[in-house]
Enquirer: 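Input: one structure, supplied below.
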Amino acid sequence: MKLIQIRLKERGYDVIVGNNILGTFVEFLKKIDSANNIVIVTNPVIKRIWGKKIITLLSKKGINAKFEEVADTEKSKSIKTCFELINEIADFGKSRKLTIIAFGGGVIGDLAGFVASIYKRGIPYVQLPTTLVAQVDSAIGGKVAIDLKVGKNLVGSFYQPRLVFSETAFLDSLPKRELVNGLAEVIKYAVIKDSSLFEFLENNLAKVLTLDKDSVEYIIATSSQIKSRIVEQDELDKLGVRAILNYGHTIGHAIEAASGYSKRYTHGEAVGIGMIAANFISREFDLISKSAAQKIKNLLEQTGLPTTVEGVSPAKIYEAHHYDKKFTNGKNRFVLAVDIGKVKIVEGIPETAIKKAIDSICSQKR
Ligand SMILES: NC(=O)c1ccc[n+]([C@@H]2O[C@H](COP(=O)([O-])OP(=O)(O)OC[C@H]3O[C@@H](n4cnc5c(N)ncnc54)[C@H](O)[C@@H]3O)[C@@H](O)[C@H]2O)c1
Ligand SMILES: [Zn+2]
């Protein structure tokens, strides 16, 4: 088991990572002085597979817990579901002190965290993430949000959990595509901050993909550590430190938007291709060596991520990249790798270079 502490101005919290550690979850809950009445926000898929285990664990220790289910879709991050959930919670919590457990992937984490941030001007919540994406990324750092029709994550706040508890055994039931989706973010951490994590992935990919316990614990704990250190330096995403987490995301988001957020590309798949496009720009300006860029592409490919975009026109991706919210004051901003383990933020990349980069990742030509 690994314990990572996040130290923030107001209050810190622990990120716990380990395999078969669920038995210790209540101990950690008690440490944070969580309420005796708990609402577990989840979806039917996760409840069916893991629900009984959790509820048994909590009730054995005398905790009064209740499930609140939302549908298994990104659409649950909506105003409607959010307020339905708040009404249910208010009903249960009439005269009781409550704690919320976000039990699921990033959708549940973002939604339940946002609900916790606004209900009664904020009640405590705990992240109990069940996807790799949530364990290495969304559960850590306090960005909570719901979506609007015009865009994702547009209504939200910074609201930190009291605890993040990453039980890696949850990943046993995760579909392969979701695992690979999360691995794109792990590769991102390696490229932005940690060449030894990158080497580890190169040398142990088969073990990671078959969920070897130690390998999985290592990559999740290391990624959590990297994200935690970045969040500590720039909790509110104002100083440009947290911005490096967007490596691969500028064009990645454009690919997602241009394909209409369909199931064609998961977020991780789009970000993987986005990293290749960002590296193309790095190469254009001689920021990264050819061999380092090739190594990154190879690792993405071996992980099972696509390296090119099929069936979406480059023109559409180019158009979509203009709507990215990182596009500020009329100047574009890219996180570019200079080596494996090191990136820099560059503003004002010429549009011709961006077009060329997008063309390079599209099988369809203009
Ligand atoms: N707050 C942040 O910093 C942050 C960062 C990254 C992503 N996000 C958000 O996270 C969301 C995506 O999260 P995600 O990738 O975890 O997707 P998700 O929450 O939709 O989960 C993916 C799928 O896996 C299923 N699932 C989850 N755990 C499972 C398990 N253990 N076994 C079997 N099936 C399981 C879910 O039911 C779902 O169908 C997006 O809304 C995104 O905006 C937020
Ligand atoms: Zn991402």
Side-chain angles (χ1 to χ4, degrees), residues 22 41-51 53-54 69-78 81 102-114 117 125 127-148 151-161 164 166-189 192 211 216 223-224 227-228 230-231 235 237 242-253 255-256 261 263 265-275 324-326 335:
L22 208 53
V41 180
T42 192
N43 74 29
V45 175
I46 298 153
K47 188 182 165 201
R48 180 175 50 79
I49 310 174
W50 298 101
K53 223 170 174 172
I54 298 294
E69 286 177 64
V70 299
D72 180 18
T73 158
E74 174 77 26
K75 291 196 178 80
S76 286
K77 279 173 63 175
S78 66
T81 307
F103 184 39
V107 166
I108 298 287
D110 281 14
L111 169 70
F114 182 65
S117 80
Y125 80 109
Q127 292 276 15
L128 188 54
T130 63
T131 63
L132 184 59
V133 166
Q135 296 191 346
V136 299
D137 192 0
S138 60
I140 304 168
K143 278 193 181 178
V144 294
I146 57 174
D147 305 334
L148 293 181
K152 268 171 61 81
N153 299 321
L154 289 177
V155 179
S157 46
F158 286 94
Y159 191 66
Q160 301 291 345
V164 180
S166 292
E167 164 60 86
T168 64
F170 288 147
L171 305 182
D172 291 346
S173 57
L174 196 65
K176 177 84 185 290
R177 193 175 180 195
E178 292 300 338
L179 181 73
V180 171
N181 179 27
L183 284 172
E185 300 287 355
V186 176
I187 295 172
K188 173 194 82 180
Y189 288 121
I192 64 174
L211 295 178
V216 168
S223 302
S224 302
K227 176 138 190 199
S228 301
I230 291 172
V231 168
E235 184 181 352
D237 202 0
R242 209 165 163 158
I244 67 168
L245 293 168
N246 288 318
Y247 171 61
H249 280 60
T250 308
I251 291 178
H253 282 150
I255 295 168
E256 285 185 282
Y261 292 98
K263 291 269 181 283
Y265 292 107
T266 65
H267 173 72
E269 288 165 353
V271 166
I273 304 171
M275 291 190 238
D324 195 89
K325 59 182 179 235
K326 273 95 207 169
V335 182

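When a ligand or atom number is given, it counts from 1 through the structure's own listing order. Residue indices begin at 1 and follow the sequence shown. All values derive from a computational prediction rather than experimental measurement.
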Enquirer: Distance under 4.0 Å to a non-hydrogen atom of V133: what atoms of ligand 1 satisfy this?
Expert: 15 (O), 16 (O)
Enquirer: Check whether N181 reaches the backbone of G268 with its side chain - one donor and one acceptor, N or O, closer than 3.5 Å.
Expert: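 Side chain of N181 to backbone of G268: a pair is present.
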Enquirer: Does I46 approach ligand 1 within less than 4.0 angstrom via side chain, backbone, both or neither, non-hydrogen atoms only?
Expert: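 For I46, only side-chain atoms sit under 4.0 Å from ligand 1.
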Enquirer: Distance alone, cut at 3.5 Å: any donor-acceptor contact between the side chains of S76 and T73?
Expert: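 No - no donor-acceptor pair under 3.5 Å links their side chains.
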Enquirer: In sequence, state the C-alpha distance, the side-chain angles, and the governing distance for F103 and N43, and then conclude on side chain to side chain contact (heavy atoms under 4.5 Å, CB included).
Expert: CA-CA 8 Å; F103 184 39; N43 74 29; over 6 Å; no
Enquirer: Here's a test for you: under side-chain contact (heavy atoms from CB on, under 4.5 Å), which of L174, L171, L132, T168 qualifies with L211?
Expert: L171
Enquirer: Would you check if D110 and I146 make a side-chain contact, meaning some heavy-atom pair closer than 4.5 Å?
Expert: no
Enquirer: K152 heavy atoms, cut-off 4.0 Å: which ligand 1 atoms fall inside?
Expert: 40 (C), 41 (O), 42 (C), 43 (O)
Enquirer: When you compare the side chain of M275 with that of V271, does any pair of heavy atoms fall below 4.5 Å?
Expert: yes
Enquirer: Any side-chain heavy atom of T42 sitting closer than 4.5 Å to one from L128?
Expert: no
Enquirer: Report, in ascending order of atom number, the atoms of ligand 1 lying under 4.0 Å from any heavy atom of N43.
Expert: 36 (C), 37 (O)
Enquirer: Indicate, as side chain, backbone, both or neither, the part of N181 found under 4.0 angstrom from ligand 1 when only non-hydrogen atoms are considered.
Expert: side chain
Enquirer: Which residue supplies the protein heavy atom nearest to atom 17 (O) of ligand 1, what is that atom called, and how far is it?
Expert: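 Residue, atom and distance for the closest contact: G106 N, 4.1 Å.
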Enquirer: Has ligand 1 got any nitrogen or oxygen that is less than 3.5 angstrom from a nitrogen or oxygen of A134?
Expert: no
Enquirer: Side chain, backbone, both or neither: which part of K77 has a heavy atom under 4.0 Å from ligand 1?
Expert: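 The part of K77 near ligand 1 is the side chain, not the backbone.
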Enquirer: Looking at ligand 1, is there an atom of it that comes within less than 4.0 Å of some heavy atom belonging to K227?
Expert: yes
Enquirer: Rounded to the nearest 10°, what angle sits at the Zn ion (ligand 2) between NE2 of H249 and NE2 of H267?
Expert: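 Angle NE2(H249)-the Zn ion (ligand 2)-NE2(H267): 100°, rounded to 10°.
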Enquirer: Can you name the atoms of ligand 1, numbered from 1 with element, that are less than 4.0 Å from a heavy atom of G105?
Expert: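 Ligand 1 atoms under the 4.0 Å threshold to G105: 16 (O), 19 (O).
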Enquirer: Would you kindly say whether K143 and N153 are connected by a side-chain donor-acceptor distance under 3.5 Å?
Expert: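 There is no such pair (donor and acceptor under 3.5 Å, judged by atom type) between the side chains of K143 and N153.
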Enquirer: With a 3.5 Å distance limit and no angle check, can you tell me whether Q160 reaches the backbone of G141 through a side-chain donor-acceptor pair?
Expert: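 Yes, because the side chain of Q160 sits within donor-acceptor range (under 3.5 Å) of the backbone of G141.
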Enquirer: Looking at side-chain heavy atoms only, is the closest gap between V231 and S228 below 4.5 Å?
Expert: no
Enquirer: Check ligand 1 against K143 and write out every atom of the ligand that is under 4.0 Å from a heavy-atom position of the residue.
Expert: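 Matching atoms, with element in brackets: 1 (N), 2 (C), 3 (O).
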Enquirer: Classify the contact between E185 and ligand 1 as side chain, backbone, both or neither, using a heavy-atom distance cut-off of under 4.0 Å.
Expert: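 Contact part for E185 vs ligand 1: neither.
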Enquirer: Specify the protein heavy atom at minimum distance from atom 21 (O) of ligand 1: its residue, its atom name, and the distance to 0.1 Å.
Expert: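 Its nearest protein heavy-atom neighbour is T131 CG2, 3.6 Å.
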Enquirer: Would you please classify the geometry between the W50 ring and the F170 ring as parallel, tilted or perpendicular, with 30° and 60° separating the classes?
Expert: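 Rings of F170 and W50: perpendicular, over 60°.
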Enquirer: Got an N, O or S from E185 under 2.8 Å of the Zn ion (ligand 2)?
Expert: yes
Enquirer: Nearest protein heavy-atom contact for atom 35 (C) of ligand 1: which residue, which atom, what distance?
Expert: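 Nearest protein contact, heavy atoms only, for atom 35 (C) of ligand 1 is L174 CD1, 3.7 Å.
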Enquirer: Using a strict cut-off of less than 4.0 Å between a Lys/Arg side-chain nitrogen and an Asp/Glu carboxylate oxygen, indicate whether E235 and R242 qualify as a salt bridge.
Expert: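 No, this pair does not count.
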Enquirer: Using a 4.0 Å heavy-atom cut-off, say whether N153 meets ligand 1 through its side chain, its backbone, both or neither.
Expert: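 Under 4.0 Å from ligand 1, N153 contributes side-chain atoms alone.
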Enquirer: Give a yes or no answer on whether the side chain of Y125 reaches the backbone of Y159 with a donor-acceptor pair at less than 3.5 Å.
Expert: yes
Enquirer: Of the choices S138, G156, P175, G142, which has the non-hydrogen atom that lies closest to atom 8 (N) of ligand 1?
Expert: S138
Enquirer: With a cut-off of 4.0 Å, which atoms of ligand 1 are near a heavy atom of E74?
Expert: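 Checking each atom against E74, I get 40 (C), 41 (O).
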Enquirer: Do Y189 and Y247 make the cut of ring centroids closer than 6.0 angstrom?
Expert: no
Enquirer: Looking at atom 33 (C) of ligand 1, what's its closest protein heavy atom, distance included?
Expert: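 In this structure, atom 33 (C) of ligand 1 has S173 O, 3.0 Å as its nearest protein heavy atom.
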Enquirer: Which bit of D110 is near ligand 1, meaning a heavy atom under 4.0 Å away: side chain, backbone, both or neither?
Expert: side chain
Enquirer: Does any N or O atom in V107 lie less than 3.5 angstrom from one in ligand 1, N or O only?
Expert: yes
Enquirer: Starting from atom 6 (C) of ligand 1, locate the nearest protein heavy atom and write down its residue, its atom name and how far away it is, to 0.1 Å.
Expert: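 Minimum-distance protein heavy atom for atom 6 (C) of ligand 1 reads D137 OD2, 3.5 Å.
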Enquirer: Nearest protein heavy-atom contact for atom 31 (N) of ligand 1: which residue, which atom, what distance?
Expert: F170 O, 2.9 Å
Enquirer: I'd like to know if E269 pairs up with R177 as an ion pair, taking the criterion as any Lys NZ or Arg NE/NH1/NH2 lying under 4.0 Å from an Asp or Glu carboxylate oxygen.
Expert: yes
Enquirer: Does any donor atom in the side chain of Q135 or E167 lie under 3.5 Å from an acceptor atom in the other side chain?
Expert: no
Enquirer: Examine T130 against ligand 1 and note whether any of their N/O atoms are separated by less than 3.5 Å.
Expert: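 Min N/O separation from ligand 1 is below 3.5 Å for T130.
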Enquirer: Which heavy atom of the protein is the closest neighbour of atom 36 (C) of ligand 1, given with residue, atom name and distance?
Expert: D72 OD1, 3.5 Å
Enquirer: May I ask you to identify, for E167, whether its side chain, its backbone, both or neither come under 4.0 Å of ligand 1 on a heavy-atom basis?
Expert: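 For E167, no heavy atom sits under 4.0 Å from ligand 1.
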Enquirer: For atom 25 (C) of ligand 1, is the nearest protein heavy atom under 4.0 Å away?
Expert: no
